[in-house]
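The structure appears below as structure tokens.
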Amino acid sequence: MIKVLLVEDEPLIQKSLKKLLEKKGASVDVESSGNGAIERIKACNYDRIICDLMLQDNFSGFDVIEESKQRYPIGQIRKKFIIITAYSSPQVHAKAEEYGCKVLSKPFQDNEEALKVFLTIEE
Amino acid sequence: MENQSYSRAQKAETNRSIIFIEDDCPLPVEEILSNTKYEVTKNKSEASHTLKYQNGRLFLLNDSSSMNLFSSGLPCNRSNLLALLKLIESHLGEVSPSEEKTNLLKKNLTNQQRRLLKNINKKHLHPSGFEDVCKLTDEIREIDDFYSHFDSLHTLPRSIIEMDLFNGFESSQLIVHQKGKMFCDTYVYQSGVGEQHKIIPVEGFNTIFSLVKKSKSKKFNQSSLLKDDLGVLGTFMANVFSIKNHDIVFIVSQNGFLPPTKSEIGLFDKFCSRMGSVFNFLLERNQVSEKSQNINIFLMNYPYAAAILTNKDQILFKNRLFDEETFYDYINFPEKFISWKLIKDHQLLIKKPDTAKNISDIYHYQRVSLLGELLNTLQHELSNPLFGLKLTADLLEGEQDDSEVAETLSDIANNCSRCQGIIRNFSYLYQDESFTDHVEVHSLVKETLTLTKSESRQILKEINKHNLPEDFTIETNPTWLSQVLFNLIVNSSQAIKTLGDDFKSHKIIIDLVHNSDAKELEISVSDSGPGIPEVNKENIFTPFYTTKDKGTGLGLSICNNLCHKLGGRLNHGKSKLGGAKFTLIIPLARIES
């Protein structure tokens with residue numbers, strides 16, 4: 001079973017995305033704050049971390065990635081993290097490219113397609 | 001050889017310094033030295049020192065057969081011979097010039113030089129007092145043309161290597177960093193290669209600067225500073241200066257790997273003690289020229305005609321917009337210009353802007369930037385919750401057995417998507433910058449119609465296409481195009497509303513015509529309103545001209561302006577529907593469909 005951490009502060013997105021992912025057979029932990037996400041990442045080994053960029057506690061998704069570097073080498077970070085954002089600007093994409101992470105814009109064009117991306121783990 | 005050295009030793013014992021003056025010295029050195037304890041000789045071999053005059057400088061060489069300089073070349077002319085005298089004294093011993101000589105010299109001095117002399121006499125000069133003299137001469141630039149050797153920071157390294165003082169040195173480098181800047185300028189001169197100017201990042205500079213600053217010996221070699229930013233080779237001597245908000249690293253190198261000798265280091269140190277004021281002088285000059293350059297660029301690109309005139313109305317400087325016509329305009333109507341007095345009775349002239357064009361520009365800009373900001377916030381703040389709603393509705397719909405509830409959930413999801421779309425389109429149409437894009441004309445018109453909904457409610461609207469495929473695309477600025485259409489449609493709606501409450505019989509028709517012969521796209525907005533009264537026709541594009549109670553009088557002025565910016569034009573006339581018809585004509589030179 002794929003172990004997913006979903007970091008997202010919009011409650012409706014958090015709840016429904018968790019359900020949708022669980023329907024596809026993943027086990028999902030959710031987190032609203034950047035700080036909490038970092039704690040979880042340190043404590044638990046996730047196969048996939050889906051991370052919103054703007055979080056409530058002034059942590060950006062990139063800060064979460066930066067902190068995760070303590071635990072995972074950059075090659076692993078590239079495979080584990082997927083960034084979801086409502087404000088996909090060229091700058092965001094450029095920065096995500098630095099880490100090598102995928103970026104999905106909210107709203108998703110196609111929910112099924114997005115779920116597929118979330119649950120495909122590169123070996 | 002033996003005889004010579006013996007005789008020199010003997011002379012030294014008698015405590016008299018024998019100076020050989022090279023023939024080409026144009027200064028009356030001999031005369032000055034005649035009543036002193038110095039002995040002037042014509043025989044080079046019996047002298048203990050040689051006075052050498054070169055390029056306006058005097059050098060005192062301590063051994064006639066060796067070129068080992070021990071004094072910095074002092075710039076020399078008749079007026080600062082006294083300083084020269086002191087220089088010789090300080091090196092050769094306790095001898096002072098006769099009172100008589102000094103008085104003789106004093107007669108020919110300016111006040112300032114007399115002050116200097118007083119200072120020199122007050123100072124107790126001992127054999128190592130060379131620096132004191134140097135400092136004093138530094139104080140008065142007028143008689144010290146030391147500075148004249150250095151034109152600018154660019155040429156400074158070359159000037160230094162070309163100085164006799166640095167005979168044997170091959171390269172010199174200056175790295176100048178203005179505090180707070182991310183980059184610094186480096187000026188390198190390599191004999192045989194030439195001058196080079198580069199911009200380097202401040203990180204490299206910081207390493208070099210702090211290393212040189214901390215070092216006591218001031219000698220380095222490349223291996224301790226393996227940096228690409230370094231323009232010199234081998235072992236080098238360096239010093240740092242902090243002047244006027246600038247940090248400077250100054251480097252000279254012989255391009256060899258032998259360390260510099262003690263005397264060379266001493267020489268370098270003495271030289272550096274004078275360089276502070278030189279840098280100060282050059283930086284000041286640099287700043288002045290930078291300033292005037294900036295002013296030049298500013299005026300050159302100033303959006304209105306600008307010129308600098310002398311008091312006789314000769315043009316010293318003019319920017320691109322200041323043509324001959326502007327000049328005659330100024331002669332005939334000086335009130336159209338703003339003028340500032342400058343030094344030397346020059347004046348700066350700037351043509352007063354054409355208010356009509358500017359006001360509509362400014363209002364348009366304000367409107368777009370305000371709306372753009374607002375829409376950005378909306379997009380940021382609404383997108384996320386809307387997406388949450390949609391995702392939840394999608395999820396629940398899939399789990400729902402009751403078909404009626406499922407349908408409602410589907411409606412919620414669709415409405416969320418529609419809201420997202422509207423926000424996205426609005427932000428696209430109100431981007432706060434001038435950009436061009438491939439724009440599908442038909443959908444842009446449709447989106448703009450959506451934007452006008454609150455104003456044009458209940459009025460029938462039609463879009464007709466003539467000779468235009470559904471996905472006809474032009475390259476244009478969508479914000480401006482949509483702005484023009486928005487204004488025209490709102491105007492039509494407001495005009496119709498003045499006719500009474502029954503809007504349903506009224507119509508606004510938007511015709512999209514591809515005129516392939518003229519290679520133009522026509523977009524016209526026709527309405528069944530009252531039309532434009534004859535008296536107002538002339539003024540419809542004048543800013544602040546309005547017939548509405550709450551109008552700004554800027555709408556059409558902005559439209560007209562934007563059409564010009566789009567490379568097109570805006571015509572108006574009577575519509576077949578009985579009201580007004582505005583036609584926006586855009587040339588399709590860059591058509592890509």
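Everything numeric here is computed off the predicted structure, so don't read it as measured data. Chain A is the first sequence line, chain B the second, and so forth, proteins listed ahead of strands; every chain is numbered from 1.
- Checked against A:Leu12 for a side chain to side chain contact (heavy atoms under 4.5 Å, CB included), the options B:Leu389, B:Leu391, B:Leu386 give a single hit: B:Leu389.
- The shortest distance between side-chain heavy atoms of B:Thr392 and A:Ile13 does not fall below 4.5 Å.
- Summarising the local packing, CD of B:Glu404 is surrounded by 12 or fewer heavy atoms from other residues, nucleotides or ligands at distances under 6.0 Å.
- The only option from B:Asp394, B:Leu395, B:Leu396 that meets the side chain to side chain contact (heavy atoms under 4.5 Å, CB included) definition with A:Ser16 turns out to be B:Leu395.
- Around the NZ atom of B:Lys465, the shell of radius 6.0 Å holds more than 12 heavy atoms that belong to other residues, nucleotides or ligands.
- Residue A:Glu8 touches chain B through its side chain alone, counting heavy-atom pairs closer than 4.5 Å.
- Here the straight-line distance linking atom CG of B:Asn384 with atom CD1 of A:Ile84 works out to 8.0 Å at 0.5 Å rounding.
- Under the 4.5 Å side-chain criterion, counting only non-hydrogen atoms from C-beta, A:Lys106 is not in contact with B:Lys390.
- Atom CD of A:Gln109 has 12 or fewer neighbouring heavy atoms from other residues, nucleotides or ligands inside a 6.0 Å radius.
- More than 12 heavy atoms of other shown residues, nucleotides or ligands fall within 6.0 angstrom of atom NZ in A:Lys23.
- In A:Glu22, the CD atom is crowded: over 12 heavy atoms of neighbouring residues, nucleotides or ligands sit closer than 6.0 Å.
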